[in-house]
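Small disclaimer: the values here were computed from a predicted structure and weren't measured. Protein chains get the first letters and strands the later ones, always in sequence-line order, with residue 1 at the start of each. For the numbers below, each heavy atom of this structure counts, side chains included, while hydrogens, waters and symmetry mates do not.
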Number of protein chains: 2
Amino acid sequence: MRLEDEIQQKEFKDDYNKAIVNILFTQSYIVTKQNNLFKPYGLSPEQYNVLRILRGQNGNPITVSSIQDRMLNKMSNASRLVEKLKQKGLVLREECPADRRQVDIMITEKGLQLLNQLQEEILNQNNNLIQLNQEEVSQLNFLLDKLRG
Amino acid sequence: MRLEDEIQQKEFKDDYNKAIVNILFTQSYIVTKQNNLFKPYGLSPEQYNVLRILRGQNGNPITVSSIQDRMLNKMSNASRLVEKLKQKGLVLREECPADRRQVDIMITEKGLQLLNQLQEEILNQNNNLIQLNQEEVSQLNFLLDKLRG
DNA sequence: TACATTTGCATGTATATACATTTAATACAA
DNA sequence: TTGTATTAAATGTATATACATGCAAATGTA
């Protein structure tokens with residue numbers, strides 16, 4: 001559906017301005033759906049993302065600042081998100097012996113099981129969320145990667 | 001730059017999953033830049049968006065719920081955003097005589113002046129933000145509109 | 001008219017983002 | 001070695017999102 005109709009705006013100054021608004025609006029569309037999926041599990045999209053980063057470590061610990069670097073939102077607060085996950089027993093946090101300023105974070109078995117449980121649901125939803133064919137998705141990824149320069 | 005490199009992820013399950021993450025990441029990229037631009041004026045991107053909706057009314061009042069409908073993030077809270085804008089003298093709020101449940105909102109002269117002041121800066125930034133040529137931006141808008149079904 | 005339902009907005013709470021500041025540990029230079 | 005700068009993480013504050021609830025006005029119906 002055309003963005004102009006969805007937000008009841010007659011027209012945009014130009015395609016560049018429309019693209020900005022289009023990306024913001026589409027992100028909100030996606031996050032809203034993700035929230036619905038995560039909610040029964042007591043996870044926020046951001047917490048889920050941190051768990052995925054930790055799983056990608058294949059058992060190796062990772063510091064809080066490395067998590068921050070890999071997060072989708074560079075301004076979010078890895079320290080506090082990790083604390084929330086720890087309270088739920090989904091991650092472990094322990095002082096790094098080599099550098100006591102750092103804190104090593106690892107996903108727990110419980111955290112891995114939660115991700116597995118979510119996995120299939122998410123893959124299905126992601127495909128439904130994006131009403132594009134294979135060639136179009138590929139083109140979209142190309143354009144977004146190029147957009148950021 | 002490839003998303004995989006930016007967030008240090010080896011690969012995605014498929015293009016659909018990459019597209020989800022790509023949109024979230026690109027939104028964060030845009031909002032961060034917008035924040036920098038709005039900050040000197042004491043506006044958040046969301047407050048700016050509400051002001052733009054009000055300007056689009058060309059002097060006619062609009063209710064809080066209509067603002068909500070047109071906002072980029074359907075879950076945000078128009079009531080509280082309007083309150084913030086009112087405190088800054090950028091909007092007027094008055095009870096709707098025809099239906100006393102409703103509240104008519106209008107942008108003030110001060111609000112319009114602020115938008116004018118920002119206008120040029122924003123147009124310039126938007127063009128710099130999107131490193132695509134005209135044909136590519138147009139294609140991106142087509143894909144995002146189609147994506148949402 | 002009386003009463004239940006719906007609507008429009010405000011408000012309360014939890015979580016997250018944005019950004020500044022603090023604290024402790026480490027690195028580095030005089 | 002001592003003092004300074006840098007780094008990693010935690011913490012504080014303001015704003016925004018997500019969602020539930022409350023309240024008053026309007027609507028619908030017996």
Side-chain angles (χ1 to χ4, degrees), chain A residues 24-25 27-51 61-88 90-91 93-105, chain B residues 24-25 27-51 61-88 90-91 93-105:
Chain A
L24 304 190
F25 184 76
Q27 182 264 359
S28 173
Y29 158 84
I30 289 169
V31 170
T32 299
K33 305 264 182 165
Q34 284 190 332
N35 256 319
N36 293 336
L37 196 151
F38 292 139
K39 207 186 166 186
Y41 300 91
L43 278 187
S44 69
E46 298 72 18
Q47 290 175 9
Y48 170 73
N49 187 42
V50 171
L51 284 182
I62 182 174
T63 64
V64 171
S65 64
S66 294
I67 294 174
Q68 189 91 53
D69 287 343
R70 299 178 189 200
M71 287 181 66
L72 298 180
N73 192 318
K74 298 303 181 207
M75 290 305 161
S76 87
N77 197 316
S79 182
R80 278 193 269 241
L81 285 173
V82 164
E83 171 60 22
K84 290 282 164 62
L85 293 171
K86 192 192 165 202
Q87 282 171 15
K88 294 173 191 162
L90 303 174
V91 307
R93 182 174 56 188
E94 59 185 46
E95 193 177 79
C96 175
D99 183 339
R100 294 196 297 133
R101 288 171 304 182
Q102 298 187 348
V103 179
D104 281 342
I105 313 294
Chain B
L24 304 190
F25 184 75
Q27 184 264 359
S28 173
Y29 158 85
I30 289 169
V31 170
T32 299
K33 305 265 181 163
Q34 284 190 331
N35 257 318
N36 293 337
L37 196 151
F38 292 140
K39 208 184 165 186
Y41 300 92
L43 277 188
S44 67
E46 299 72 17
Q47 289 175 9
Y48 170 74
N49 188 41
V50 171
L51 285 183
I62 181 174
T63 65
V64 172
S65 64
S66 294
I67 294 174
Q68 190 90 51
D69 289 343
R70 300 180 189 196
M71 287 180 66
L72 298 180
N73 193 318
K74 297 304 180 204
M75 291 305 159
S76 86
N77 198 317
S79 181
R80 277 193 270 240
L81 285 173
V82 165
E83 172 60 23
K84 289 284 165 58
L85 293 171
K86 191 192 165 200
Q87 282 170 16
K88 293 173 192 164
L90 304 173
V91 307
R93 182 173 58 188
E94 58 185 47
E95 193 177 81
C96 175
D99 182 340
R100 292 196 299 134
R101 288 172 307 183
Q102 297 188 350
V103 180
D104 281 341
I105 313 296

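A:N77 meets the side chain to side chain donor-acceptor pair (under 3.5 Å) test with no other residue; sequence neighbours excluded. Remark: A:D69 engages no residue in a salt bridge (charged side-chain N to carboxylate O under 4.0 Å, His left out) (not counting sequence neighbours). For the side-chain contact (heavy atoms from CB on, under 4.5 Å) test, residues two or more places apart in sequence or in another chain that qualify with A:S66 are A:I62, A:T63. Among residues two or more places apart in sequence or in another chain, the side chain to side chain donor-acceptor pair (under 3.5 Å) test is passed with B:D104 by none. Not counting sequence neighbours, A:R100 has no partner by the salt bridge (charged side-chain N to carboxylate O under 4.0 Å, His left out) test.
Counting only residues at least two apart or in different chains, salt bridge (charged side-chain N to carboxylate O under 4.0 Å, His left out) contacts with residues 76-86 of chain B comprise B:E83-B:R93.
Across the helix from C:dT1-D:dA30 to C:dA30-D:dT1, the helix axis at one end is tilted relative to the axis at the other end by 0° (nearest 10 degrees, each axis from five pairs).
Under the side chain to side chain contact (heavy atoms under 4.5 Å, CB included) rule, A:Q27 has a single partner from B:L24, B:V31, B:I30, B:L72, which is B:L24.
Rounded to an integer number of Å, the gap from CG of B:L24 to P of C:dT17 is 11 Å.
Looking at residues 34-49 of chain A, you'll see A:S44, A:E46, A:Q47 sit with a heavy atom under 4.0 Å from some atom of DNA chain C. Taking every heavy atom of residues 70-80 of chain A and every atom of DNA chain C, pairs under 4.0 Å involve A:N73, A:M75, A:S76, A:N77, A:R80, by number.
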For a quick check, with a 4.0 angstrom heavy-atom cut-off, what is the B/S/- contact string for nucleotides 23-29 of chain D, read 5' to 3'?
--BS---
Name the atoms and distances for all side-chain donor-acceptor pairs under 3.5 Å in residues 34-46 of chain A, with sequence neighbours left out.
residue : atom : partner : partner atom : Å
A:N36   : ND2  : A:T32   : O            : 3.4
A:Y41   : OH   : A:E121  : OE1          : 2.8
A:S44   : OG   : A:E46   : OE1          : 3.2
A:S44   : OG   : A:Q47   : N            : 3.2

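Across all strands shown, A:T32 has no heavy atoms under 4.0 Å from either base or sugar-phosphate atoms.
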